[in-house]
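This is the structure I want to talk about, given as structure tokens.
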2 protein chains.
Amino acid sequence: MRIGELAQVSGTTTKTLRFYEEAGLLPAPERTAGGYRDYAPEALARLDFIRRSRTAGLTLAQIREVLDIRDAGVAPCQHVQDLLETRLGDLDRQIADLQALRHTVARLRDDAATVDPANCDATTVCRYL
Amino acid sequence: MRIGELAQVSGTTTKTLRFYEEAGLLPAPERTAGGYRDYAPEALARLDFIRRSRTAGLTLAQIREVLDIRDAGVAPCQHVQDLLETRLGDLDRQIADLQALRHTVARLRDDAATVDPANCDATTVCRYL
DNA sequence: ATGGACCTTCCAGTACAGGGGAAGGTCAAG
DNA sequence: CTTGACCTTCCCCTGTACTGGAAGGTCCAT
């Protein structure tokens, strides 16, 4: 399978595939006589895994970790569980931070909405922020 | 006031102050005979505004917009209200996205937790993702 | 044999908000 | 007079996940 075809069936781009290879997420494939990359069908499953992992919010570095463990011949299940657990903690923290920020911004907006703009003057920057 | 002192009282760094000047957030200050930046006390209020705006999640580009309006002699109140409103919408969307992702990841983790790792084999990447 | 689609490598840039460090100038104290 | 703290400009680097484009090679049909 050539790179363009793999890009199409995996729903990505040739640029991304070369980038993943460079980044150590995809093994370097065989080459044809003419120097073209020639992917084995397994590459698609690997790309699906990468896509699903990205959807779960894992970084490429984290995905590479999992793939490296698998490539070493070990089932990465425990590592994946740990990663998901960590990711869940990150998400909870991130959501809590954003909600706190939302309260702050909502408060600022409410304050700003109750004031007659005619009372503003340009010499101070802006008292709402 | 020299740059190091302003950095200290504003709780930032000299690098950041030069960067803000370069980015158009801080006006170029006077220079001493020796070529040192010599800030007027007003710079501190401006930096406080920038800090508060950053805390509210505004980007430097958005803050620059507000400051430009003010520097043109117009009270930027309405603009600030609009920005805060937009920012609130962004936050709501971002929080909703993260919560959806949290559900997905929690589901993945729960699935992963109920399975005996001994049943995993290394030939597939990992069926949890 | 030639056109066009596809591929190759390599270099550079995107957005964000600065940080690191070199080479050199300034200023006050000792 | 020299030391040390502070300042100047300059350019490159950080991390994330790609994206764009140039110059050139390959392959297949016409």
Side-chain angles (χ1 to χ4, degrees), chain A residues 1-26 28-40 43 46-47 49-67 83 86-87 90-91 94 97-98 101, chain B residues 1-26 28-40 43 46-67 83 87 90-91 94 97-98 101:
Chain A
M1 192 167 17
R2 286 192 311 184
I3 195 169
E5 190 186 347
L6 181 58
Q8 191 164 22
V9 298
S10 68
T12 179
T13 67
T14 61
K15 280 286 190 189
T16 299
L17 294 182
R18 292 194 200 93
F19 172 73
Y20 281 176
E21 181 179 330
E22 166 76 20
L25 289 159
L26 283 181
E30 299 293 302
R31 297 291 180 128
T32 67
Y36 288 9
R37 284 174 179 79
D38 185 20
Y39 290 95
R46 198 171 175 106
L47 279 168
F49 173 79
I50 295 172
R51 187 184 43 68
R52 286 193 302 277
S53 302
R54 294 279 306 131
T55 304
L58 299 185
T59 66
L60 293 189
Q62 291 173 319
I63 299 168
R64 186 173 44 228
E65 269 182 50
V66 175
L67 290 170
L83 221 50
T86 301
R87 179 74 187 119
D90 289 350
L91 279 173
Q94 216 176 335
D97 287 352
L98 282 178
L101 182 54
Chain B
M1 191 167 16
R2 287 192 311 184
I3 196 168
E5 190 186 347
L6 180 58
Q8 191 163 22
V9 298
S10 67
T12 179
T13 67
T14 61
K15 279 287 188 186
T16 298
L17 294 182
R18 293 194 198 95
F19 172 73
Y20 281 177
E21 181 179 330
E22 167 76 21
L25 289 160
L26 284 180
E30 300 292 303
R31 298 290 181 128
T32 66
Y36 288 9
R37 285 176 179 79
D38 186 20
Y39 291 95
R46 199 172 174 104
L47 279 169
D48 280 345
F49 173 79
I50 294 173
R51 188 183 42 68
R52 287 193 302 277
S53 302
R54 294 278 307 129
T55 303
L58 299 185
T59 66
L60 293 188
Q62 290 174 319
I63 300 168
R64 184 172 46 229
E65 270 182 49
V66 175
L67 290 170
L83 266 179
R87 180 74 187 119
D90 289 350
L91 279 173
Q94 215 176 338
D97 287 351
L98 282 179
L101 182 54

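Just so it is clear: chains get the letters A, B, ... in the order the sequence lines come, proteins before strands, and each one is counted from 1.
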Legend entry - Rounded distance (Å) that lies between atom C1' of dC10(D) and atom CD of Glu22(B): 11 Å
Inset, instruction - Assign Arg54(A) to base, sugar-phosphate, or nothing according to its heavy-atom contacts below 4.0 angstrom with the strands shown. - result: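 Arg54(A): backbone/sugar contact only, no base atoms under 4.0 Å.
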Legend entry - Base dC27(C) paired with Tyr36(B) side chain (donor-acceptor, <3.5 Å):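 Result: no qualifying N/O pair found.
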Inset, instruction - Can you tell me the distance, in whole Å, between the CZ atom of Phe19(A) and the P atom of dT9(C)? - result: 16 Å
Inset, instruction - Determine the contact category for Thr32(B): base if any of its heavy atoms lies under 4.0 Å from a base atom, sugar-phosphate if only primed atoms, P, OP1 or OP2 are that close, otherwise nothing. - result: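 Nothing, no nucleic acid heavy atom in range.
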Inset, instruction - Compare side-chain N and O positions of Thr13(B) against OP1 and OP2 of dG19(C) and report whether any pair is under 4.0 Å apart. - result: yes
Legend entry - Taking every non-hydrogen atom, the tightest pair across Asp38(A) and Thr32(A):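 Looks like CB-CG2, 3.9 Å.
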Inset, instruction - May I have the distance from Ile63(B) (atom CD1) to dA17(C) (atom P), rounded to whole angstrom? - result: 8 Å
Inset, instruction - Kindly indicate whether the side chain of Leu6(B), heavy atoms from C-beta on, has any atom under 4.5 Å from the side chain of Thr12(B). - result: no
Inset, instruction - Whole angstrom is fine here: how far is it from CG in Leu25(B) over to P in dA17(C)? - result: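 Computing the Leu25(B):CG to dA17(C):P distance gives 9 Å.
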Inset, instruction - Figure out the CZ/C1' separation between Arg31(B) and dC27(C), and round it to whole Å. - result: 16 Å
Inset, instruction - Determine the contact category for Arg18(B): base if any of its heavy atoms lies under 4.0 Å from a base atom, sugar-phosphate if only primed atoms, P, OP1 or OP2 are that close, otherwise nothing. - result: base
Inset, instruction - Could you check Leu60(B) against Arg2(B) and say which one's nearest nucleotide on DNA chain C is further toward the 5' end? - result: Leu60(B)
Inset, instruction - Measure the CG-CG distance between Leu47(B) and Leu25(B) for me, rounded to the nearest 0.5 Å. - result: 9.0 Å
Inset, instruction - Quickly work out the Asp38(B) CG to dC7(D) P distance and round it to whole Å. - result: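 Nearest whole value for this atom pair: 12 Å.
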Inset, instruction - Would you mind telling me which of dG18(C), dA17(C), dG25(D) lies closest to the side-chain atoms of Thr59(B)? - result: dA17(C)
Legend entry - Nearest-0.5 Å distance that lies between atom CD1 in Ile3(A) and atom CZ in Arg18(A): 4.0 Å
Inset, instruction - Nearest-nucleotide wise, let me know which of Arg37(A) and Lys15(B) is further upstream toward the 5' end of DNA chain C. - result: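 Residue closer to the 5' terminus by nearest nucleotide: Arg37(A).
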Legend entry - Length of the line joining Asp90(B):CG and dC16(C):C1', which is rounded to integer Å: 16 Å
Inset, instruction - Take the protein atom CG of Leu17(B) and the nucleotide atom P of dA17(C), then report the distance between them rounded to whole Å. - result: 16 Å
Legend entry - Residue Thr16(A), side-chain heavy atoms: nucleotide from dC7(D), dG19(C), dC18(D) that is nearest: dC18(D)
Inset, instruction - Please tell me which of Gly34(A) and Thr12(A) maps to the more 5' nucleotide of DNA chain D, matching each residue to the nucleotide holding its nearest heavy atom. - result: Thr12(A)
Inset, instruction - Would you mind reporting whether Arg37(A) and Glu21(A) have side-chain heavy atoms less than 4.5 Å apart? - result: yes
